[in-house]
Every structure is written in C-alpha cells, then in structure tokens.
Amino acid sequence: MVQVTTKDVMDMFDLKLVSGQEGIGRHIAVSDISRPGLEMAGYFTHYPANRVQLLGKTELSFYDMLLPHERKERMKKLCSPDTPAIIVSHDMKVPEELKNASNEEHVPVLTAKMATTRFSSLLTNFLESKLAPTTAVHGVLVDIYGVGVLITGKSGVGKSETALELVKRGHRLVADDCVEIRQEAENTLVGNAPKLIEHLLEIRGLGIIDIMTLFGASAIRSFKRISLVIDLEIWDPQKTYDRLGLEEEKMKIIDTDLHKLTIPVRPGRNLAVIIEVASMNHRLKRMGVNAAEEFSNRLNDVISQNEDVTY
C-alpha cells in the first residue's frame with residue numbers, strides 16, 4: 001500500500017500551512033474524513049482521531065460561541081497524537097487556540113480555498129485512490145472498444161505480440177508484462193503500468209518498442225478499469241474447451257471476481273480478432289444479450305417439439 005503523508009495532500013490541493021510544521025510528514029492511514037461537530041460541542045468519547053479533520057463554517061461558527069476556556073480545551077483535545085492534519089476550508093481565519101495547540105502537539109493545520117463539501121469530496125477520492133489495496137499481475141492490459149481486457153498466460157505464449165496486433169487495429173495499450181492493479185471501490189479494479197515500463201512493449205526478437213512514439217498518443221492509456229480476463233494457453237488436444245460459451249469462469253483479484261475466458265493458442269488462430277470479438281461479446285452480455293443462452297433456449301425448444309411429435 002502506498003504511504004500518503006499530509007505533505008502529499010498539501011501539494012496536491014495547494015493548501016497553505018498555518019501551524020504545526022513539524023508534523024507535515026505524518027502518515028494518513030484512512031480515506032475517511034471527519035467533520036468534528038460533536039467534538040466542538042465537547043463530545044470526544046468516539047473521536048476518530050486517525051482521520052483528517054475538516055473544519056467548515058458550521059464548526060467554526062459554533063466554536064465562536066464557546067467560552068475562552070472551552071475553546072482552549074476543545075482545540076487541545078482535537079490535536080491528538082494520532083491526528084494527521086486539521087484543514088480549515090473557505091480560506092477562513094484559523095483560531096489562535098488551534099494554532100497554539102497544533103504547535104504544541106505538532107499537528108499540521110492547513111487552509112483550503114474551496115468550499116467544505118467540494119473539498120471533502122475531492123480529498124476523499126484522492127485518498128481512496130492512493131490508499132486502495134494494490135497488487136501486481138503478470139500480463140498485458142489493453143483497452144478494446146472501451147473494455148479493459150487483461151491478457152494473461154505463461155511466458156512466451158504470445159501476449160505481447162497479440163497486444164501489438166491489437167494496437168495496430170486501433171486499440172490502446174495500458175501496460176505490458178507487469179500490470180499494477182488497485183481496487184478503488186467495490187468490484188472496481190483499475191490497472192496501470194509501472195512508471196519504468198510505461199508505454200513500452202517487449203517483442204521477442206525485436207526488443208523494447210515505444211508504442212506512443214511509433215503509433216502516437218491515441219495508442220496508449222495511462223490506466224483502465226479491468227472488466228475481462230483472457231487467459232492464453234497452448235492448445236492441449238487432451239483438454240475439452242468450451243464451444244458454446246455457457247460456462248462462466250471467474251478469476252479473483254484482490255476482492256473482485258472478474259469474468260475469465262481461456263483461449264487455446266495454436267498456429268492459424270488470429271488471437272487479436274478473437275479477443276476483439278470476445279470484448280464485444282462481453283459488452284453485449286452486460287447489455288443483456290447472450291448469444292449462447294439464446295442458442296441453448298432455441299435448442300431446448302426444438303428438442304421439446306420433437307419429443308411432443310414422438311409421443
């Protein structure tokens with residue numbers, strides 16, 4: 001999991017550091033944001049201290065109604081040792097009691113120019129993306145007709161060569177050889193290439209080629225949501241392959257089950273065309289059109305009619 005610090009948030013959203021400079025390197029462990037309204041009223045029993053604390057007009061207007069000794073006490077409790085940062089929205093003036101408490105406890109206090117709700121939404125999305133569970137998979141990720149297809153298989157089976165043919169046919173490469181995958185939400189996996197090999201493709205006998213340089217910016221993507229896994233394997237005469245498409249195989253990555261197709265590889269099969277059709281068929285299934293089920297239903301109807309005639 002990537003480490004996110006208060007300094008990262010400060011740089012990302014162009015926040016102004018007001019006090020607590022020594023704590024600018026504190027780690028943010030959760031993506032949830034807290035708006036400490038109850039805490040302003042003095043209720044700290046279930047204070048989520050490990051979250052970024054966001055103060056808006058509501059919290060500070062109530063704070064102004066408190067007595068001087070209450071203000072000092074509330075801000076001291078707000079600046080706990082576990083608090084990664086306190087952010088004041090609307091570029092409002094930071095109370096002196098908060099500055100003093102933050103300097104004592106080394107809790108960074110920052111101000112944001114944006115409105116509270118807008119900033120909370122952007123910050124949550126940023127933290128969820130950065131703190132999402134991640135893994136790496138050996139394979140190739142290609143955007144085919146808007147479908148993120150993860151092509152897997154043993155080394156040398158032809159994954160990169162197939163990806164090159166797909167790029168030539170107008171599709172976009174996301175990653176080759178190593179795909180970094182993060183789970184940004186429930187049933188949402190997003191893949192990208194490591195910075196070291198971004199836009200690069202390895203073809204045995206040819207070497208490393210730069211897809212963006214050869215085919216242009218339209219041939220690559222920085223990231224893509226993964227919807228389908230296609231596993232390439234050398235044709236095994238002893239194995240029975242699905243010929244109707246009624247069997248649904250799954251592959252679990254992190255906490256998400258993805259649809260998986262196994263395509264046997266042998267001379268004469270145009271894998272790029274097959275994967276294109278598989279992507280289009282996957283889109284049709286998501287729209288409620290399943291050719292395999294329709295054929296099965298027709299077949300069952302014919303069988304039923306023949307049985308009726310026989311009897």
Flag side-chain contact, heavy atom, 4.5 Å: Ser19 against Asn100: no
Atom pair NZ (Lys224) and CD1 (Ile144), whose distance is rounded to the nearest 0.5 Å: 10.5 Å
Path from Tyr145 to Leu261 over hydrophobic side-chain contacts below 4.5 Å: yes
Glu249 atom CD, over 12 foreign heavy atoms within 6.0 Å: yes
Any side-chain heavy-atom pair of Leu55 and Pro36 under 4.5 Å: yes
Distance-only polar pair, side chains of Asp64 and Ser61, donor-acceptor under 3.5 Å: no
Audit row: Val18, Leu110, side chain to side chain contact (heavy atoms under 4.5 Å, CB included) steps and yes/no: CA-CA 5 Å; Val18 177; Leu110 308 105; 6.0 Å; no
Check: Val174 main-chain N/O paired with Arg221 side-chain donor or acceptor under 3.5 Å: no
Rounded distance (nearest 0.5 Å) linking atom CD1 of Ile28 with atom NZ of Lys130: 12.0 Å
Shared hydrophobic cluster, Val265 / Val277 (ILVMFWY, side-chain heavy atoms < 4.5 Å): yes
Note, Thr256 side chain near Ile253 side chain (heavy atom, < 4.5 Å): no
Test item: Glu180 and Thr134 side chains (from C-beta on) under 4.5 Å apart, heavy atoms: no
Side chains of Pro108 and Met10 in contact at under 4.5 Å (non-hydrogen atoms): no
Validation row: Leu214, Ile209 side chains within 4.5 angstrom (heavy atoms): yes
Interatomic spacing from NE2 in His106 to CZ in Arg26 - rounded to 0.5 Å: 8.0 Å
Side-chain donor or acceptor of Glu59 paired with backbone N/O of Gly56 under 3.5 Å: yes
Spatial distance of atom CD1 (Ile211) from atom CG (Leu164) [nearest 0.5 Å]: 5.5 Å
Intermediate values then yes/no, side chain to side chain contact (heavy atoms under 4.5 Å, CB included), Arg74 and Phe44: CA-CA 9 Å; Arg74 305 287 158 80; Phe44 281 86; 4.1 Å; yes
Heavy-atom check, side chain of Arg71 versus side chain of Pro95, under 4.5 Å: no
Exam field: side chain Lys260 to backbone Asp231, donor-acceptor pair closer than 3.5 Å: no
Residue pair Leu141 / Gly148: nearest heavy atoms and the distance that separates them: CD1-C, 4.1 Å
Leu78 and Met40: CA distance, side-chain angles, deciding distance, side chain to side chain contact (heavy atoms under 4.5 Å, CB included) verdict: CA-CA 9 Å; Leu78 201 65; Met40 290 292 99; 3.9 Å; yes
Arg118 CZ: over 12 foreign heavy atoms closer than 6.0 Å: no
Connected via hydrophobic side-chain network under 4.5 Å: Met92 and Phe119: no
Residue pair Pro84 / Thr6: nearest heavy atoms and the distance that separates them: O-OG1, 2.8 Å
Backbone N/O of Val30 and side chain of Asn50: donor-acceptor pair under 3.5 Å: no
Donor-acceptor contact present, side-chain Thr188 to main-chain Gln183, <3.5 Å: no
Check ion pair Glu39-Lys77 (N to O, under 4.0 angstrom): no
Parallel, tilted or perpendicular, as decided by the 30° and 60° cut-offs, for the rings of Tyr43 and His46: tilted
Same apolar cluster (I L V M F W Y, side chains within < 4.5 Å links), Ile33/Ile87: yes
Separation of Glu198 CD from Ile220 CD1 (nearest 0.5 Å): 7.0 Å
Cluster link Val88 to Val107, ILVMFWY, side chain under 4.5 Å: yes
Spacing of Leu258 atom CG and Ile181 atom CD1 [to the nearest 0.5 Å]: 8.0 Å
Minimum-distance pair of heavy atoms, taken over all atoms of Asn103 and Gly20: OD1-N, 2.9 Å
N/O donor-acceptor pair under 3.5 Å between Ser121 side chain and Thr117 backbone: no
Donor-acceptor pair, side chain of Arg35 and main chain of Ser120, under 3.5 angstrom: no
Pairs involving residues 87-103, ordered by first then second residue, that meet salt bridge (charged side-chain N to carboxylate O under 4.0 Å, His left out) (sequence neighbours left out): Glu96-Lys99
Greater than 12 external heavy atoms within 6.0 Å of Phe223's CZ: no
Where Cys178 and Ala175 come nearest, the two heavy atoms and their spacing: O-CB, 3.8 Å
Closest non-hydrogen atom pair between Lys159 and Gly153, with its separation: NZ-O, 3.1 Å
Backbone of Arg51 reached by a side-chain donor or acceptor of Gln53 within 3.5 Å: yes
Test item: His259 side-chain N/O and Lys250 main-chain N/O as donor-acceptor pair under 3.5 Å: no
Closest non-hydrogen atom pair between Val140 and Ala163, with its separation: CG1-CB, 3.5 Å
Electrostatic pair Glu184-Arg225, nearest N-O below 4.0 angstrom: no
Over 12 non-hydrogen atoms of neighbours within 6.0 angstrom of CD1 in Ile208: yes
Side-chain donor or acceptor of Ser279 paired with backbone N/O of Ile275 under 3.5 Å: yes
Close side-chain approach of Arg169 to Val273, heavy-atom, < 4.5 Å: yes
Step-by-step side chain to side chain contact (heavy atoms under 4.5 Å, CB included) determination, Ile86 to Ser102: CA-CA 9 Å; Ile86 298 174; Ser102 69; 5.9 Å; no
